[in-house]
Each structure stands twice: as structure tokens, then as C-alpha cells.
Amino acid sequence: MIAWINPFTGLAGDMLLAALVDAGAPLDAIRASIAATGLTGWELTAERVTDHGLAATRVHVNVTDPCTERQAAEVIHLASRATPEPVAALAVATVTAVAEVEGRLHGADPATVHLHELGGHDTLVDIVGVAAALHALGVTDVFSAPLPLGRGRVTSAHGVLPCPAPATLALLAGAAVMGSDLPGETVTPTGAALLRALGARYEPPPPMTLGRTGYGAGTRRLPDRANVTAVTLGVPSPAASSQDPPAEDVVVLETNLDDVTGEVLGHTITRAMESGALDAWVTPAVMKKNRPAHVLHVLTTRQDERRLRDLVLSETGSLGIRRVGATRTALPRDFETVHVDGHPVRIKRGPHGAKPEHDDLASVAAALGVPLRTVAARALALAESGRAAAPQHTDLLAGGQP
């Protein structure tokens with residue numbers, strides 16, 4: 001699913017969350033993800049409003065906890081507990097982006113920097129809520145129109161600052177922006193950090209079949225226009241598949257290991273994949289003093305890089321790790337399920353072929369007491385015959401060749 005953001009009058013975390021709710025994201029799932037962080041003293045509600053004749057959704061975060069600032073490490077810890085895991089990963093990446101910018105601006109350690117306006121309940125609710133809404137809607141790609149920047153001044157815990165605020169400008173590095181006649185803060189640090197963590201692309205969206213558009217209302221009332229952010233959902237159209245698939249910027253983390261066991265290597269690969277790595281593998285090597293060794297490679301997005309780097313270092317005890325920038329082209333794929341003698345087998349299908357999932361094949365082969373290759377052949381035959389739409393059964397115990 002594609003999400004195209006049109007920040008008509010700007011972008012804030014609550015406006016983006018409201019637009020996603022208006023587009024169909026379920027509030028109950030969003031609340032459940034936020035509750036999993038362990039944050040207390042908050043309530044998230046939504047209401048329908050009309051702003052200059054345009055119907056929209058506005059969200060409210062009602063807070064009973066007076067805490068308005070926290071150390072970044074505490075906010076990151078809370079975000080990491082959100083569920084499911086992809087929601088936590090995006091929330092952590094967003095808070096980390098804010099912490100790194102604030103640390104750089106104030107000359108402080110990002111982990112210990114104090115988040116003032118951004119350390120309160122409402123910011124964490126907005127960040128986790130947006131991550132949960134995107135996950136619930138199945139959004140995988142985000143595009144955005146240029147962001148309108150306001151003018152004037154904004155008051156912060158550090159005094160009066162120019163608008164856009166320094167943190168916002170730092171978070172918007174690489175984003176497409178344009179001037180605006182609107183006074184005050186039109187893009188908040190939370191909104192900018194979410195777009196940064198999402199890897200939003202500031203370019204026309206690809207060919208797609210349009211779905212629902214949601215409108216998220218801000219709290220400020222403008223004299224001559226609706227203060228809203230619009231989010232349009234869309235499914236990539238078949239025409240898009242004929243174009244060159246997009247290349248994604250990724251990172252390969254590498255470390256040489258000559259003092260860990262095979263069990264540790266296997267465990268680390270498993271942990272990395274469970275923690276969101278795109279891939280992980282080991283290659284043999286010969287190190288200094290002709291020592292046999294292994295090189296552990298972990299493929300990751302930039303958003304997950306820091307978290308996976310720390311995981312590899314802690315699990316292996318390595319004293320260093322390399323970072324290599326790369327690009328990845330991923331072809332579209334989908335899944336279907338066939339039933340072999342009553343047992344489900346998932347089939348992964350891409351533009352150039354289909355392949356049964358190995359774990360399913362192994363499970364069915366063990367259950368039926370037949371060779372794995374026999375199950376694989378029958379599963380593929382069912383998929384290719386077009387009978388995957390309804391459960392199909394074949395008796396593998398009757399003999400014969402696949």
C-alpha cells in the first residue's frame with residue numbers, strides 16, 4: 001500500500017495520525033500499540049470536525065501525567081516496547097532521529113539529552129500512533145508533496161527561536177520544502193522526524209489505483225483555509241510493475257569473528273532477523289596470523305542500522321563493526337496458500353516464478369512421512385493449476401511420482 005501525504009498547511013504528528021484514522025486506521029489497534037509501551041496517564045480520542053467546509057478528523061491526547069520532558073533514552077525505551085515489532089522499530093527510529101538532532105544542536109550525548117516539548121506524553125502517543133496506523137493500513141511506501149514552511153518566531157523551553165525551529169530544519173535535511181505565507185510553526189519536529197524515519201520520498205507517486213483519502217485537522221484555526229493534512233492511500237497499478245523497480249538505500253554491517261562458536265553465529269543471525277534485518281549471512285575468511293574465521297554480514301535499512309549494530313556487537317562481543325552503503329532492488333512478491341492432503345503450504349510468487357516456503361514443506365513432509373521434494377512438487381502443481389483459491393487435497397500416500 002502507498003500513502004501519499006499532501007501537507008496543505010503543514011504537518012504535525014497529531015495531524016498525520018488524524019489523517020490516517022480518517023483514512024480507516026482502527027483506533028483500537030492504535031491504542032493497543034501505545035498501551036504496550038507501558039505509558040500511563042493518557043487517553044486518545046478522535047472526533048469529526050468541519051474546517052472551512054471540509055470534513056476531517058481531529059485527534060485529542062488527554063494527559064493526566066504532568067511530566068512534559070524526559071531523557072531521550074527513556075523515550076526510546078518506551079517506544080521500543082510498542083507492539084507489533086515493526087511499530088516499535090519505526091517509533092524508535094523516529095525518537096532516535098529527534099535525539100540525534102537535539103544532541104547535535106545542544107552539544108550533548110543523544111542518549112542523555114533532555115527532550116523538553118518532545119518528551120511529553122502527547123509526542124510519544126503521536127509517534128507510536130502514526131507507526132501503528134501505518135502498520136494497520138499495510139502501508140509500505142510513503143510519498144509526500146513539498147512541505148510548506150511558516151515564518152516568524154516560535155517559543156520553546158530554550159527561549160524564542162526562529163521559525164522553522166532549528167531542530168525542524170535539521171530533521172528536514174534532504175526534504176522538499178517551499179515557502180508559505182502562513183505565520184508560525186507549520187511543520188513540527190515530530191512531523192519532520194516521522195517523515196525522516198519513514199524514508200518518505202518527495203516525488204510524484206507511482207501509478208496506482210486510488211483508495212481512500214483521510215483528512216487530519218490541526219488545532220489551529222486559520223482565517224482563510226482549512227488547517228488540514230491529507231493522506232491518500234493507493235495500490236500500485238499493474239502499469240507500475242512494467243517500470244524498473246525502485247532501488248532502496250540500505251546498509252551492510254560487517255564484522256570479522258575468529259573467537260565465537262558456530263552456535264553464537266547462528267543465534268546472532270536469528271536475533272538479527274527477528275529484530276528486523278533484511279537479511280543476515282556468514283562467509284568464511286582467513287584473518288591475521290592465518291586464523292580461520294567468519295565474516296558476519298547484516299543487511300538493514302538506515303532506520304534500523306543503529307539498533308542492529310548494537311545487537312551484533314553485544315551478541316558477538318566484537319570490538320568493531322564496518323558499515324557499507326549499498327542499494328537494493330526488491331521485486332514485488334505475494335503469497336498464496338495451497339493445501340496438500342489437508343496441510344497448508346504457503347507459496348511465495350514473484351515476477352519470474354514461485355517457490356513453496358521451506359518451513360511449511362518440512363512440517364507437511366514430517367506429518368505425512370513423505371520426502372520433502374514430493375511435497376514441494378505437489379504444492380507447486382496445485383499453485384500452477386490455479387486451484388489455490390480453495391483448499392485442495394492430494395493423497396501423497398497413494399504412491400506415484402510427483
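Source: prediction; values computed, not measured.
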**Prompt:** What closest approach, in Å, do Leu311 and Arg271 show between heavy atoms, and which atom pair accounts for it?
**Reply:** CD1-NH2, 3.3 Å
**Asked** Got a second to check how far Asp122's CG is from Trp42's CH2, nearest 0.5 Å?
**Response** 12.5 Å
**Prompt:** Any luck finding a side-chain donor-acceptor pair between Thr327 and Asp249 under 3.5 Å?
**Reply:** no
**Residues Asp359, Arg346: salt bridge by 4.0 Å N-O rule** = no
**Pair Arg201 + Asp141, salt bridge at N-O below 4.0 Å** = yes
**Complete:** In Arg307, Arg302, Arg306, the residue satisfying side-chain hydrogen bond (donor to acceptor under 3.5 Å, both in side chains) with Asp304 is Arg307
**Prompt:** In Å, rounded to the nearest 0.5 Å, how long is the span from CG of Leu195 to CD1 of Ile5?
**Reply:** 5.0 Å
**Smallest separation among heavy atoms of Ala56 and Val228, with atom names** = CB-CG1, 4.2 Å
**Complete:** Smallest heavy-atom separation, Thr337 atom then Pro344 atom, equals CG2-CB, 3.8 Å
**Asked** Side-chain donor-acceptor pair under 3.5 Å between Thr283 and His297, yes or no?
**Response** yes
**Complete:** Interatomic distance, CG@Leu182 vs CG@Leu149, rounded to 0.5 Å, equals 10.5 Å
**Message:** Can you give me the closest heavy-atom contact between Glu254 and Val295, atom names plus distance?
**Reply:** CB-CG1, 4.4 Å
**Asked** Under the 3.5 angstrom rule, does the side chain of Thr186 hit a backbone N or O of Thr9 as a donor-acceptor pair?
**Response** no
**Prompt:** If you look at every heavy atom in Leu137 and Ala25, which pair is closest and at what distance?
**Reply:** CD2-N, 3.7 Å
**Request:** Examine the side chains of Arg48 and Thr57 and answer whether a donor and an acceptor come within less than 3.5 Å of each other.
**Result:** yes
**Asked** Where is the tightest heavy-atom contact between Ala217 and Val49, given as atom of each residue plus distance?
**Response** CB-CG2, 3.8 Å
